[in-house]
Asker: 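Below are the structure tokens for one structure; questions will follow.
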There are 2 protein chains.
Amino acid sequence: MEIDKRITILNVSQALFSRFGFVKTTVDEIAKLARIGKGTVYHYFKSKEQVFAEVIKRESNTLQEKIQKALRGKQTPQDKLTAFVKTRSRHLKDLTNYYSALTDDYLEHYAFVEETRQKYLEREIQTVKDILEEGVEKGVFDIEDTKITAQAIVLLFKALEYPWSVKKDKFDIELSTNKFLNILFKGIEKRK
Amino acid sequence: MEIDKRITILNVSQALFSRFGFVKTTVDEIAKLARIGKGTVYHYFKSKEQVFAEVIKRESNTLQEKIQKALRGKQTPQDKLTAFVKTRSRHLKDLTNYYSALTDDYLEHYAFVEETRQKYLEREIQTVKDILEEGVEKGVFDIEDTKITAQAIVLLFKALEYPWSVKKDKFDIELSTNKFLNILFKGIEKRK
DNA sequence: AGATCGACCAAAAAACCAATATAGTCGAAA
DNA sequence: TTTCGACTATATTGGTTTTTTGGTCGATCT
């Protein structure tokens with residue numbers, strides 16, 4: 001059953017990459033844990049990189065699903081934006097490989113990793129932009145440029161998580177998120 | 001004249017560090033360019049690191065002066081905040097060693113570099129917070145928590161400069177800065 | 001015919017070692 | 001007291017050898 005083998009390789013790889021990282025995980029280890037020959041890995045995947053890329057795509061899709069699910073339960077654009085920010089924050093770091101692909105310096109010279117980073121950033125900005133535009137259409141938000149605004153929002157929450165210095169006071173992400181969102185809503189809500 | 005020698009060492013070191021970076025610059029080179037013996041460097045400074053730390057302090061003070069000067073010409077807290085953001089953006093990267101100390105990965109294990117990063121972040125947040133509080137006192141801004149708001153502002157402009165992905169579309173910093181500031185002011189200005 | 005395997009290979013990475021360079025020291029000299 | 005540069009311990013570098021790894025491919029199995 002070729003579908004089973006491919007899935008097995010991906011499952012096994014996801015675990016190994018998650019544990020040891022992309023570079024330190026060898027194809028031999030993947031083959032052994034999957035109980036197949038090494039050449040079989042190459043029958044199903046073009047390269048080690050392709051295996052990793054598929055694993056990243058998987059985790060990325062997982063995050064998307066969680067976010068879409070969270071948005072589905074919300075009515076107002078404010079609630080949607082809040083749900084987006086919090087769901088993203090809550091789940092991204094659990095997706096070890098995806099998070100690694102987005103953040104680890106030593107991976108940045110792989111073309112597919114750069115591509116993933118680009119895509120992720122664009123997707124985030126687009127999702128926020130869609131929410132903002134929905135708010136504008138509903139007459140809830142008054143925004144001059146939804147794209148720039150979406151960029152600001154995405155960058156701000158990215159910056160909140162980034163370790164600008166090692167021994168930082170550790171911004172209180174939960175509290176900051178709420179307060180930032182409040183300032184933001186005040187800034188973009190239509191005036192009465 | 002011992003004051004002259006110390007200044008000479010700092011001048012020469014600032015140039016060399018700027019050109020070659022901290023690690024690649026040797027104390028021998030500093031001594032030669034300063035036309036002194038190597039042991040004389042150690043007479044005035046405890047270590048190569050201390051020389052670098054002094055150079056960084058110098059450049060940091062330069063930036064502070066430029067910022068203070070820019071703020072002095074401004075009346076409204078909005079103009080002050082704008083001046084802060086733009087002056088910082090315009091001059092920081094010219095201060096090669098300071099910028100390097102703030103951003104280069106390979107320097108992050110030096111304790112004084114980490115200290116500098118901490119201090120810089122705190123100072124930025126404090127400066128913005130002071131401006132915000134002035135705005136609140138003058139009845140121009142209506143801000144619930146000036147500290148959190150200051151943090152958001154500082155983080156946002158940091159994020160704007162950071163290379164989240166290599167081949168990013170390169171956010172238009174000038175345009176984005178203005179627009180972000182507009183959204184921000186709308187969010188924190190007192191409602192009429 | 002297609003799927004599987006593992007021996008094999010070229011290249012990369014790691015380990016090893018000698019040579020060189022560097023930060024810091026210190027005694028002699030000014 | 002200040003200055004210097006030879007010296008030292010340690011780190012770094014460059015070259016060589018060994019090992020490992022991603023990927024290939026022919027033999028074998030199904």
Side-chain angles (χ1 to χ4, degrees), chain A residues 1-56 97 100-101 104-114, chain B residues 1-56 97 100-101 104-114:
Chain A
M1 271 311 219
E2 68 180 35
I3 295 293
D4 269 351
K5 278 228 166 68
R6 195 166 191 276
I7 300 289
T8 300
I9 293 168
L10 285 174
N11 287 342
V12 154
S13 302
Q14 190 166 4
L16 285 169
F17 289 146
S18 215
R19 174 68 181 79
F20 301 109
F22 171 64
V23 173
K24 295 284 187 179
T25 300
T26 63
V27 178
D28 260 336
E29 289 167 346
I30 292 169
K32 282 192 175 75
L33 200 57
R35 297 166 189 268
I36 56 176
K38 188 175 165 188
T40 307
V41 177
Y42 289 94
H43 179 78
Y44 292 96
F45 297 90
K46 189 178 154 197
S47 62
K48 184 184 174 188
E49 278 185 33
Q50 206 206 28
V51 179
F52 191 53
E54 289 288 329
V55 167
I56 288 171
N97 294 299
S100 170
D104 288 349
D105 290 340
Y106 69 90
L107 293 180
E108 74 191 9
H109 60 279
Y110 291 96
F112 76 91
V113 167
E114 176 53 30
Chain B
M1 272 311 221
E2 66 178 40
I3 294 293
D4 270 351
K5 277 223 168 73
R6 195 167 191 278
I7 301 290
T8 301
I9 293 169
L10 285 173
N11 288 341
V12 152
S13 302
Q14 190 167 3
L16 286 170
F17 289 147
S18 214
R19 174 71 181 76
F20 301 110
F22 171 64
V23 173
K24 296 283 186 178
T25 299
T26 65
V27 178
D28 261 335
E29 289 168 345
I30 291 168
K32 282 194 176 76
L33 199 57
R35 298 166 188 269
I36 56 175
K38 188 174 166 188
T40 308
V41 177
Y42 289 94
H43 179 76
Y44 291 98
F45 298 91
K46 187 179 156 196
S47 62
K48 185 183 173 186
E49 278 185 34
Q50 205 205 34
V51 179
F52 190 54
E54 289 288 329
V55 168
I56 288 172
N97 295 299
S100 168
D104 289 348
D105 290 340
Y106 70 89
L107 294 180
E108 75 191 8
H109 61 278
Y110 292 95
F112 76 91
V113 167
E114 176 54 30

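In the text below, chain A, chain B and the rest are named by the order of the sequence lines, each starting its count at 1. Only this structure's heavy atoms are used, side chains among them; waters, hydrogens and symmetry mates stay out.
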Asker: Tell me, please, which residues at least two apart from B:D28 pass side-chain hydrogen bond (donor to acceptor under 3.5 Å, both in side chains).
Answerer: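 For B:D28 there are no side-chain hydrogen bond (donor to acceptor under 3.5 Å, both in side chains) partners, ignoring immediate neighbours.
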Asker: Might you work through the side-chain contact (heavy atoms from CB on, under 4.5 Å) test for A:F17 and A:I56, ending with a clear yes or no?
Answerer: CA-CA 10 Å; A:F17 289 146; A:I56 288 171; over 6 Å; no
Asker: Nearest-Å distance, CD1 (A:I9) to P (C:dT4)?
Answerer: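 A:I9 atom CD1 is separated from C:dT4 atom P by 9 Å.
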Asker: Provide, to the nearest angstrom, the distance between the NZ atom belonging to B:K32 and the C1' atom belonging to C:dT22.
Answerer: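 Answer to the nearest Å: 12 Å.
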Asker: Between P on D:dT1 and OH on B:Y44, what's the gap in Å once rounded to a whole number?
Answerer: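 Going from B:Y44 (OH) to D:dT1 (P), I get 13 Å.
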Asker: Would a distance-only check, ignoring hydrogens and angles, find a side-chain to backbone donor-acceptor pair under 3.5 Å from B:S13 to B:V51?
Answerer: no
Asker: Taking CD1 from B:I30 and P from C:dA21, how many angstroms apart are they, rounded to a whole number?
Answerer: 18 Å
Asker: I'd like to know whether A:L107 forms a side-chain contact (heavy atoms from CB on, under 4.5 Å) with A:S100, so could you lay out the CA-CA distance, the side-chain angles of the two residues, the decisive distance to 0.1 Å, and finally the verdict.
Answerer: CA-CA 8 Å; A:L107 293 180; A:S100 170; 3.4 Å; yes
Asker: Looking at D:dT3, C:dC5, D:dC4, which one has an atom nearest to any side-chain atom of B:H43?
Answerer: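 My answer, after comparing the listed nucleotides, is D:dT3.
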Asker: Just jot down the ring pair (Phe, Tyr, Trp, His ring centres under 6.0 Å) partners of B:F112, sequence neighbours excluded, or say none.
Answerer: B:F52, B:Y110
Asker: Do any N or O atoms from the side chain of A:K5 and from the backbone of A:A34 form a donor-acceptor pair under 3.5 angstrom?
Answerer: no
Asker: Which letter, B, S or -, goes with each nucleotide of nucleotides 20-27 of chain D from 5' to 3', with contact meaning a protein heavy atom under 4.0 Å?
Answerer: -SBBB---
Asker: Separation of B:I36 atom CD1 from D:dG5 atom C1', in whole Å?
Answerer: 13 Å
Asker: Take the protein atom CZ of A:R6 and the nucleotide atom C1' of C:dA3, then report the distance between them rounded to whole Å.
Answerer: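 It works out to 16 Å between those atoms.
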